[in-house]
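Computed from a predicted model, the values in this text were never measured in an experiment. First the proteins, then the strands, lettered A, B, ... as listed; each starts at 1.
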Number of protein chains: 2
Amino acid sequence: MFRPKVVILGAGFGGLTAARALDRIADVTLIDRHNFQTFLPLLYQVSTAGLAADHIAHPVRGALRKSKVKFRMGSPLSIDHKNKSIKLDSSEDIPFDYLIVALGSATNDFGVKGVAEHALGMKTVSEALTIRASIMRRFEDLCRFEDDTRLSISVVGGGPTGVEMAGAIAELKKGPLTSDQPEAAANIVVNLIEAGPRLLPSFSQSLSDRTIKDLQKLGVNVYTNANVQEVKPRQILLKDGTAIPSEITIWAAGVTGEPAIKKLNLPIEAGRLKVDPTLQVSNYPEIFAIGDVAGAKGENGRPLPMVAPVAMQQARFVAKQIAALVSRRPLGNFKYRDKGSMATIGRHKAVVEVGPIRLGGAIAWYAWLWLHLFYLLGGRNKIGTMADWTWNYLTFDRGNRHIIDIN
Amino acid sequence: MFRPKVVILGAGFGGLTAARALDRIADVTLIDRHNFQTFLPLLYQVSTAGLAADHIAHPVRGALRKSKVKFRMGSPLSIDHKNKSIKLDSSEDIPFDYLIVALGSATNDFGVKGVAEHALGMKTVSEALTIRASIMRRFEDLCRFEDDTRLSISVVGGGPTGVEMAGAIAELKKGPLTSDQPEAAANIVVNLIEAGPRLLPSFSQSLSDRTIKDLQKLGVNVYTNANVQEVKPRQILLKDGTAIPSEITIWAAGVTGEPAIKKLNLPIEAGRLKVDPTLQVSNYPEIFAIGDVAGAKGENGRPLPMVAPVAMQQARFVAKQIAALVSRRPLGNFKYRDKGSMATIGRHKAVVEVGPIRLGGAIAWYAWLWLHLFYLLGGRNKIGTMADWTWNYLTFDRGNRHIIDIN
């Protein structure tokens, strides 16, 4: 039987799942700019000293050991659509019969002025380490000042990412930093700024309300209906004229399709690749797009959320589509099965929503822990993360408070 | 009783031990440029993907929780000897009655041309991550070339640091990288270059011989009597004219007192602070120097080795000297009790020398493991390191092969 050459761009949740699913029927080449997969859902715990950076990364070659999939570290420069090959920045041309674009997403500043210059993103391990170093460095400043100088840390965006980040910073302040130097820790202010009327807009109203209460209990100042006009040095300016002091601004307001797709000469719509219901890129039947980079729409006609379960379901679906193409069977249309959403706020505080089931508090928190541990790649990472979590849980400490100097 | 103000420069093995020992009798301020202590003896395992970077670092404030010691992050700019205060780069002036200089050491290039430009040092966590990223990035290149291009990695210096590093790189090649891509791993060449006639010159001849054999068994090319003339890009030139190809050169040939001591206006001899047998800096009775930065001499009249046990013994000794000064008792002279040396070469391969006892092989290796685990600071680090080691031991893998992009 014909064994197609499949090239997959991106080794995130989508790309890696697709590579493994296609290994049996295709010669797969997986391409990523990093030699590791980043477990994005736990990145905020690296930023807030809860987890070691190396534990939320997993070498791609390690993940592929039991397969025949080839890996190349590099970024795509262009597609030669006529000869069906992709040019990498490592000056290789890799031919394909089918291409899967799974490049993920990047921080979306929605055109707000000053985000690129004065806000920190949280999409990569090095960005997470930068946030950690910024917080710890400013904390050392506070310790030195020995006065009532305040350090305001603001998270912009009230979705799950922003909520988890704000909660984790508040707990870092309350636990480890207070043990380190109580007077300095008391001068830290944590803000969460959301443009819409409520936090976690994709959850039910009751869980939104619970989240806001939980965050306030942790000492987070929650601003809703707060539209950011501009991020300035040490300040966030809202559209209504309010100025919020903010020495450290973390931008978690949203993501958009990875900008590298602009180089590929493929149709883009609202920042993501335009795809048919088959997940083929419109007018490019040999090219599929999955995950955050794909502008697939749900049954309600709205774009699907940019979350790992969508990418993984699409990855397995596209593997079947390629198998169908190879055996000349007709293609199907992708349908997302929403298995629910969850977000953690802090110790014993989380929210879970699965269809009609709505959970909060400790049960939701344990569910969150186990599910994340389950999906984390690599036995070593699972053990290391479990050890760090157990340690943090029992001691109320967070041991990764190092400012690692980046040369 | 008079409670003196003691300022300690450096939170390494010496500085941190001195701070804890003095906490009861003095108002101690501990100063370091990092907010964490680096466990230098295990740094080479971070470079070679065996340990997570965060596990060999420990927050200084965490280590001081049960004490009243104050911590300041910063570097010394100068000493005001008249008013007895020290100026930090954070624009603070910190007054002292007694000062302990424990700034440690830096890479010593012995004036060899090209070391600063073309060799990698291994004294900090970020340097260790740079070595790891360099090795893994070149390995990805080899995987891409798919030909017989060789990658030569050379370690210069046959002391314990160089031996441990070369052994760990050889095991990284043999285990994880061979599992990742056997053809590419086979093209990696590991060199160890020593200027003297034998490896581990501070050990007995029999253990030196054993070490060279163990390293060769692991596939390391050992060069002895090989004096480096110059480090060039991708090449090491020896004094006898031999040119050794070397894409990555790691400089472990020696260390010298931290160059920051030059700013302190204190007497320096052979790169280290000149001290009396009391460990007071010559002509500065209120200033002590301990550890790598102190040029203390042993009973044989030779400078003491730059290792952690010397620094820790001197730290406890100086704490007693300051107590004696406070209660106007006479000062003693420091005597180093050598508890032996050890170096690990690879799995089940290490050498230990304690007085007349000489051990090699698995017993020495287990002794090495337990001793290092014992001295590693922080329960979380001990658990994490033990977990990583157990995992590496059982799976022959090393999970920290990530190239973390340094912005």
Could you tell me which portion of [X] (side chain, backbone, both or neither) has an atom closer than 4.5 angstrom to a non-hydrogen atom of chain B?
| X | value |
| --- | --- |
| A:Phe145 | neither |
| A:Gln37 | neither |
| A:Arg380 | both |
| A:Arg398 | neither |

Roughly how far apart are [X] [atom1] and [Y] [atom2], rounded to 0.5 Å?
| X | Y | atom1 | atom2 | result |
| --- | --- | --- | --- | --- |
| A:Ile404 | B:Thr38 | CD1 | OG1 | 8.5 Å |
| A:Phe36 | B:Asn400 | CZ | CG | 11.5 Å |
| B:Ser126 | A:Leu129 | OG | CG | 11.5 Å |

Closest non-hydrogen atom pair between B:Ala387 and A:Ile383, with its separation: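 Between these two residues, the closest heavy atoms are CB-CG2, 3.8 Å.
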Closest approach of B:Arg401 to A:Asn35 (non-hydrogen atoms, all atoms of both residues):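 Heavy atoms of B:Arg401 and A:Asn35 come nearest at O-ND2, 2.8 Å.
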Please output the residues of residues 51-61 of chain B in contact with chain A, using a heavy-atom cutoff of under 4.5 Å, in numerical order.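 Residues of residues 51-61 of chain B touching chain A at under 4.5 Å: B:Leu51, B:Ala52, B:Ala53, B:Asp54, B:His55, B:Ala57, B:His58, B:Pro59, B:Arg61.
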Using a 4.5 angstrom heavy-atom cutoff, name the option from [options] with the most pairs to chain A.
| options | value |
| --- | --- |
| B:Pro176, B:Cys143, B:Gly62 | B:Cys143 |
| B:Met136, B:His402, B:Glu140 | B:His402 |
| B:Gly378, B:Gly384, B:Ser179 | B:Ser179 |

Are more than 12 heavy atoms from other residues, nucleotides or ligands located less than 6.0 Å from atom [atom1] of [X]?
| X | atom1 | result |
| --- | --- | --- |
| B:Lys174 | NZ | no |
| B:Arg234 | CZ | no |
| B:Lys68 | NZ | yes |

May I ask you to list the residues in residues 69-76 of chain A that approach chain B closer than 4.5 angstrom, counting heavy atoms only, ordered by number? A:Lys70, A:Phe71, A:Arg72, A:Met73
Does any non-hydrogen side-chain atom of B:Leu88 lie less than 4.5 Å from one of A:Arg144?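 Sidechains of B:Leu88 and A:Arg144: no contact.
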